[in-house]
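Notes to accompany the following structure.
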There are 2 protein chains.
Amino acid sequence: METYRPADGWDALGDPTRRAIVECLAERPRAVGELAEALPISRPAVSQHLKVLKEAGLVTDRAAGARRIYRLNPAGVAALRDQLDTYWARALDAFQDVAGHPDEEKS
Amino acid sequence: METYRPADGWDALGDPTRRAIVECLAERPRAVGELAEALPISRPAVSQHLKVLKEAGLVTDRAAGARRIYRLNPAGVAALRDQLDTYWARALDAFQDVAGHPDEEKS
DNA sequence: ACGAACGGTAAGCTACGACTAACGTAATTG
DNA sequence: CAATTACGTTAGTCGTAGCTTACCGTTCGT
């Protein structure tokens, strides 16, 4: 048995190329070849990235003849958004005493 | 001159250890040593991760005597959240024709 | 002022992830 | 029924991210 870990949504978006793919798919659904010629990488590379994004639940695919149309999955995006929301809320919660510490270093 | 690329927020959260640090800091601000003993890595490793998170604008730090208190930056988290929101909105926009394609493959 | 606590930096090693090339498969076209 | 198009998968190479160890500057305590 292989020690196989299903890709997390954050891990998936951790790669800049995959973020570019996500941006492309946010505009409109596309086939693999379309994505490949819109990006500076080969088609197999796109295929591998799409596999990761699919495992993370960020995209869904649909067979259309010989081609395969990938589209962004709103539910997957929403899941990450909700997680950020909880971070954000808890951070604001622990942020109440910030007025008492004017020596904050932002840079 | 060095080709230095300031870390993106997504790149920063792409690492599971850094996500663990973010979760810790979401609870309450902590010093570097505190984070190190709460995680299975050494203190220098934590320091390097905090540097990345700081460059990404996800945390801010404040000197407190010999110690250095790191806290989560709500603005940085909100920035990522907003970006996900636009993806989400555009994905929903291009999702109107989904009823016409019942052969969606989710898994 | 000396020693200890705290933390950032440099050097070096290792492991994993991203990419290409080559191959195999399913579907369309002539 | 070839030939072509469109994808996925595998094998293999290469760069780099993440970790530890060692070292150095700062700040607090006694």
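Basis for what follows: all heavy atoms, side chains included, without hydrogens, waters or symmetry-related copies. Letters A, B, ... mirror the listed sequences (proteins, then strands); counts begin at 1.
Under 4.0 angstrom from either OP1 or OP2 of C/dG17 there lies no side-chain N or O belonging to A/H49. Phosphate contact (OP1/OP2 of C/dG17, side-chain N/O of A/T17, threshold under 4.0 Å): absent. Remark: A/Y70 is in phosphate contact with D/dG8, judged by side-chain N or O atoms under 4.0 Å from OP1 or OP2. At the phosphate of C/dT28, neither OP1 nor OP2 sits under 4.0 Å from any side-chain N or O atom of A/R67.
With rounding to the nearest 0.5 angstrom, the CZ atom of A/R68 is 10.5 Å from the CG atom of A/L50. Rounding to the nearest 0.5 Å gives a distance of 5.5 Å between CD of B/Q83 and CH2 of B/W10.
Of the residues in residues 37-45 of chain A, those with a non-hydrogen atom less than 4.0 angstrom from any atom of DNA chain C are A/I41, A/S42, A/P44, A/A45.
The CG atom of B/L53 sits 15 Å away from the P atom of D/dA17 (whole-angstrom rounding). Straight-line distance from the CG atom of A/D8 to the P atom of C/dC16: 18 Å, rounded to whole Å. The nearest whole Å value for the distance from the CZ atom in A/R68 to the C1' atom in D/dG8 is 9 Å. When rounded to the nearest whole Å, the span between NZ of A/K54 and P of D/dC7 equals 13 Å. Atom pair B/E34:CD and C/dC6:P shows a separation of 10 Å (rounding to whole Å applied). A straight line from CG of A/D15 to P of D/dG15 spans 17 Å, rounded to a whole angstrom. Distance CZ (B/R18) to P (D/dA17): 9 Å, rounded to an integer number of Å. Going from atom CD1 of A/I69 over to atom P of C/dA27 covers 15 Å, rounded to whole Å.
Inter-residue side-chain proximity for B/T17 and B/I41 is flagged as met; some heavy-atom pair is nearer than 4.5 Å. Using a 4.5 Å cut-off on side-chain heavy atoms (C-beta onward), A/V59 and A/R71 make no contact.
Look at A/D8 and B/R19 and you find a salt bridge, because one of the NZ, NE, NH1 or NH2 atoms lies within 4.0 Å of a carboxylate O, short of that distance. Ionic pairing of A/E37 and A/R30 is not present here: no N-O contact between side-chain nitrogen and carboxylate oxygen is shorter than 4.0 angstrom. Using a 4.0 Å cut-off between charged side-chain N and carboxylate O, B/E34 and B/R28 make a salt bridge.
Annotation: B/W88, atom CH2; neighbour count of heavy atoms from other residues, nucleotides and ligands within 6.0 Å does not exceed 12.
Considering B/D85, B/L84, B/T86 as possible partners of A/V77, the one that fulfils the side chain to side chain contact (heavy atoms under 4.5 Å, CB included) test is B/L84.
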- Task: Encode nucleotides 24-30 of chain D as B, S and - characters from 5' to 3', where the letter depends on protein heavy atoms closer than 4.0 Å: B to the base, S only to sugar-phosphate, - to neither.
- Result: ---SS--
